[in-house]
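A short worksheet on the structure shown next.
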Amino acid sequence: MRNWKGERTLTGIKKINLISAVLVSLSLCGGCTLEKAGNSSQDQTVQEDNKTEQVKAEKAEKEEINEIHLRDKDSLYENDDDTSVVTMYLTVSKGNSSENTYHTWKEINSYSVYDYEDMGVERYQVAGLLQVGDENGPTQGKVGYGESVPNATVQIRGQTSSQNAQKNYKIELKKNKGTWRGQRTINLNKHMTEGMRFRNKLAYDLIRGIPQMVGLRTQFVHLYVKDNTEEPGGKFEDYGIYTQVEQLNKTALKSHGLDSNGQLYKINSFEFYRYEDIIKKEDDAGYDKTAFEKMLEIKGDSDHTKLIDMLTDLNDTSQPIEDILDQYFDRENLTYWMAYQILTGNVDTQNRNTYLYSPQNSNIWYLIAWDNDTSFMRTEYNIKNRSDQGSWECGVSNYWGNVLFQRCLQSEDFREELDAAIQDLRSYLSVDRISSMIEEYRTVTQKYLNQMPDQMYAPLTEAKYETIASAIPSEVEQNYELYKESLEKPMPFFIGKPVIEGNILKFNWDASYDFDAETVTYTVELAKDYKFNEIVFRKNNIQIPEAETTVPADGQYFVRVRATNTSGQTQDAFDYYITDAGKNYGMKCFYITGGQNVEEDIYEE
């Protein structure tokens with residue numbers, strides 16, 4: 001046996017045997033005269049040889065589970081080829097009513113998620129045989145090779161994108177039917193309204209190089225589909241280019257070195273309010289899983305106790321946000337997540353398109369990025385004459401409507417930490433880095449955009465594609481400048497529903513917040529049109545968040561409120577009016593009927 005230095009030591013058994021031998025020798029020696037130990041140099045040498053030097057080992061400091069920063073498993077990406085294209089062959093057929101797969105492929109592609117909600121039914125599925133190969137066909141050793149019966153189910157995926165002509169698909173391999181790259185759930189995203197067709201992959205591949213963030217694996221996929229749902233014997237039709245994004249679930253958590261037993265929620269529409277009537281434990285009276293999952297889709301452990309504890313304390317404004325952050329969140333994770341969204345312009349993350357994760361035995365919650373296809377869209381929106389990503393959707397004000405982020409941003413310490421993360425990522429997200437990645441991706445996506453079927457639905461001409469591809473790398477700096485501007489402006493606020501009392505029309509809105517505690521005044525306008533060409537009432541320099549005027553005639557009206565601080569910086573209200581060109585910020589549309597009734601025009605995304 002050797003000690004930590006490699007020196008040979010005595011085992012316990014050998015020591016016992018040695019002692020026994022000495023005792024036997026002494027008994028045999030009876031009347032022998034023994035020399036004193038100190039008088040024998042030979043004995044002294046033996047004793048010194050038998051001494052074991054004890055050296056204290058240097059041990060790493062033990063980590064506390066609530067102090068651990070989230071880190072990805074870099075080895076997952078070692079063999080990635082960012083410009084490779086995997087060819088998939090999908091044969092769809094009718095299944096059975098028990099699995100909700102007794103449907104046609106035409107039905108699958110006819111309905112959006114909103115249609116299913118109106119019908120009050122689960123999303124239709126079909127049975128599918130997934131085979132992976134190359135452009136010549138399925139390849140031996142790959143999923144589905146040599147098989148002739150279904151090994152999967154197929155349905156549409158996505159929310160707003162489910163209304164597009166070209167659908168996104170979720171392919172779920174059945175248990176014991178194999179996996180593809182360790183995954184049973186295969187998400188294929190078409191990104192039909194995104195002109196480049198590589199933004200989601202670009203965003204995830206950039207995350208891969210940021211130690212403070214956890215990403216997901218992506219892959220370009222060329223999909224062929226054979227439809228046997230109405231009559232057999234069809235041929236494989238070309239469905240064009242897709243981006244596969246790893247599904248964040250228990251399997252993915254395990255693959256990325258995270259805790260598959262922990263809590264994991266996909267944020268569908270959630271501003272971190274307590275929502276006591278919806279966010280409940282499973283055994284609580286009135287628990288409604290459907291209502292719960294409209295806000296937070298349950299992807300991990302279904303014990304919501306820890307979530308409720310966090311939300312209860314977060315919404316208790318008597319508790320300092322510094323204490324809340326220390327108890328429930330990893331500040332590094334929050335600041336880098338927000339910094340990345342701000343610099344890439346991924347604005348559709350105020351209350352959705354991210355995951356909330358907590359290891360089983362930890363109190364800490366982490367954000368994991370999801371659905372990044374609206375990143376780097378500023379130039380494309382401008383070319384398409386869309387008004388999105390303007391006004392308060394730039395910089396930190398984009399997150400002011402979220403309780404968690406609002407409370408964080410009110411902390412000067414948090415804003416300093418956020419700025420440090422912004423500066424770090426600003427350096428990483430360089431023009432050279434992004435330009436070189438785009439040059440690689442476009443060699444793949446442009447090939448498919450210039451041929452059917454993707455050519456039919458491509459939202460850009462080749463000239464516009466070139467303009468946008470060249471401009472994307474500079475958007476990081478544009479977003480940085482907008483971030484700095486947002487810190488100087490008052491924060492956005494919500495306009496209340498107008499109220500009629502007698503012959504008076506009363507307006508109200510929430511107070512705006514200013515980081516520098518400057519005085520904020522308001523301007524309110526009432527008009528008959530959303531462009532405010534036909535103004536019927538206007539008042540400036542209002543000190544308190546309310547105003548009133550006489551009730552106008554019945555009809556459609558628009559009220560717009562703006563906040564201005566003493567530095568002259570102006571901010572719109574959160575409310576907006578939607579037209580085909582996008583959002584018209586800072587206004588609320590309503591109708592006056594019967595001279596006494598006010599009905600809001602509510603837009604649901």
Side-chain angles (χ1 to χ4, degrees), residues 72 76-77 80-86 88 156-162 164 166-171 181 183 185-210 213-223 239-248 252 256 266-268 337 340-349 352-355 367-381 388-389 429 433-434 437-449 454 457-460 465 468-469 472-473 475-476 479:
D72 208 345
L76 274 180
Y77 309 100
D80 280 7
D81 180 354
D82 294 336
T83 59
S84 67
V85 179
V86 169
M88 291 186 176
I156 63 162
R157 67 175 309 274
Q159 296 291 324
T160 307
S161 61
S162 66
N164 295 339
Q166 288 183 297
K167 305 296 185 185
N168 304 329
Y169 300 112
K170 175 182 176 182
I171 303 171
R181 297 183 178 177
Q183 306 165 54
T185 302
I186 301 168
N187 295 319
L188 298 182
N189 302 303
K190 176 55 76 173
H191 302 307
M192 192 187 100
T193 58
E194 187 266 282
M196 299 289 101
R197 301 291 175 97
F198 59 62
R199 283 185 173 91
N200 209 9
K201 182 166 179 56
L202 169 63
Y204 273 118
D205 288 352
L206 284 167
I207 289 173
R208 201 167 66 192
I210 302 171
M213 298 184 71
V214 170
L216 294 167
R217 289 173 286 176
T218 60
Q219 174 67 58
F220 286 128
V221 170
H222 187 192
L223 179 66
Y239 271 55
I241 190 72
Y242 286 78
T243 302
Q244 178 269 338
V245 178
E246 182 179 16
Q247 177 64 55
L248 186 51
H256 287 261
K266 180 177 178 284
I267 301 179
N268 289 327
W337 179 90
Y340 184 75
Q341 312 305 329
I342 288 172
L343 290 178
T344 60
N346 191 23
V347 302
D348 197 16
T349 50
R352 63 177 187 169
N353 291 334
T354 194
Y355 275 81
L367 298 179
I368 300 177
W370 176 255
D371 199 357
N372 303 289
D373 59 350
T374 59
S375 301
F376 303 107
M377 284 291 288
R378 193 166 298 283
T379 305
E380 185 164 334
Y381 280 149
D388 301 70
Q389 294 201 357
L429 298 171
R433 182 188 301 277
I434 296 174
M437 294 172 74
I438 287 175
E439 285 305 308
E440 290 185 352
Y441 299 142
R442 62 183 293 182
T443 61
V444 176
T445 58
Q446 271 189 288
K447 168 187 171 183
Y448 293 93
L449 284 168
D454 292 325
Y457 301 100
L460 301 172
Y465 191 100
I468 295 168
I472 284 176
E475 287 191 16
V476 171
N479 292 327

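Just so it is clear, the structure is predicted and the values come from calculations on it, not from any experiment.
Between T354 atom OG1 and D348 atom CG the span is 11.5 Å, to the nearest 0.5 Å. Atom-to-atom distance recorded for N164:CG and I156:CD1 is 10.0 Å, nearest 0.5 angstrom. With values rounded to the nearest 0.5 angstrom, I434 atom CD1 is found 9.0 Å from E475 atom CD. For the atom pair CG (D82) and CZ (F220), the distance works out to 8.5 Å, reported to the nearest 0.5 Å. Interatomic distance, CG of L188 versus NZ of K167, reported as 15.0 Å (0.5 Å rounding).
Looking at heavy atoms from C-beta onward, V85 lies in side-chain contact with Y448 at the 4.5 angstrom threshold. Side-chain contact check for Q244 versus Q183: some heavy-atom pair is nearer than 4.5 Å. Using a 4.5 Å heavy-atom threshold, the side chains of Y355 and I267 count as separate. The closest side-chain heavy-atom distance from W337 to I368 is not below 4.5 Å. Residues R199 and T243 have side chains not in contact (no heavy-atom distance under 4.5 Å, counting atoms from C-beta outward). The closest side-chain heavy-atom distance from I186 to R181 is not below 4.5 Å. Under the 4.5 Å side-chain criterion, counting only non-hydrogen atoms from C-beta, L206 is in contact with R433. In this structure, the side chains of M196 and L460 come closer than 4.5 Å at one or more pairs of heavy atoms.
Contact check on D72 versus R217 returns no salt bridge, with no Lys/Arg side-chain nitrogen under 4.0 Å from an Asp/Glu carboxylate oxygen. Ion pairing between a basic and an acidic side chain is recognised when a charged N comes within 4.0 Å of a carboxylate O; R352 and D371 show no such pairing. One finds no salt bridge joining R197 and E194 here, because no Lys/Arg side-chain nitrogen approaches an Asp/Glu carboxylate oxygen to under 4.0 Å.
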Any chance you could lay out the side-chain contact (heavy atoms from CB on, under 4.5 Å) test for I241 and V221, step after step, and finish with the verdict?
-> CA-CA 6 Å; I241 190 72; V221 170; over 6 Å; no
Does the pair K201 and E440 meet the rule for a salt bridge (charged side-chain N to carboxylate O under 4.0 Å, His left out), with working shown?
-> CA-CA 12 Å; K201 182 166 179 56; E440 290 185 352; over 6 Å; no
Evaluate the side-chain contact (heavy atoms from CB on, under 4.5 Å) criterion for residues I472 and T379: first the C-alpha distance (whole Å), next the side-chain angles of each, then the deciding distance (0.1 Å), finally the verdict.
-> CA-CA 7 Å; I472 284 176; T379 305; 5.7 Å; no
Could you check V476 against T344 for side-chain contact (heavy atoms from CB on, under 4.5 Å), going step by step and ending with a plain yes or no?
-> CA-CA 6 Å; V476 171; T344 60; 5.5 Å; no
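Summarising the geometry of D373 relative to M377, their closest heavy-atom pair is O-CG, 4.1 Å, with the distance given to 0.1 Å. Contact record, A369 with Q341: CB-NE2, 4.1 Å, taken as the closest heavy-atom pair. Of all the heavy atoms in W370 and L248, the pair that sits closest is CZ3-N, 4.3 Å. Among all heavy-atom pairs drawn from G215 and H256, the shortest one is O-CE1, 3.3 Å. Heavy-atom minimum distance, N479 versus G345: ND2-N, 3.4 Å.
Side chain to side chain, N346 and T374 meet the donor-acceptor criterion of an N or O pair below 3.5 Å. With no hydrogens or angles considered, no side-chain donor-acceptor pair links T218 and Y77 at under 3.5 Å. Inspection of the E246 and Q219 side chains reveals no N or O donor paired with an N or O acceptor under 3.5 Å. Looking only at atom types and distance, the side chain of N187 has no donor-acceptor partner in the side chain of T185 under 3.5 Å away.
Checking side-chain atoms of D454 against main-chain N and O of L449 turns up no donor-acceptor pair under 3.5 Å. In terms of modelled atom types and a separation under 3.5 Å, the side chain of S375 and the main chain of N372 share a donor-acceptor contact. A distance-only check finds a donor-acceptor pair linking the side chain of N168 to the backbone of K190 [under 3.5 Å]. Panel note: side chain R378, backbone Q389; a donor-acceptor pair is recorded below 3.5 Å. Between the D81 side chain and the T83 main chain, a donor and an acceptor come within less than 3.5 Å of each other. Of the possible polar contacts, none joining the N353 side chain to the T349 backbone as a donor-acceptor pair under 3.5 Å is found.
The aromatic rings of Y169 and Y242 are tilted relative to each other, their planes meeting at an angle between 30° and 60°. Ring planes of F198 and Y441: tilted class, angle from 30 to 60°.
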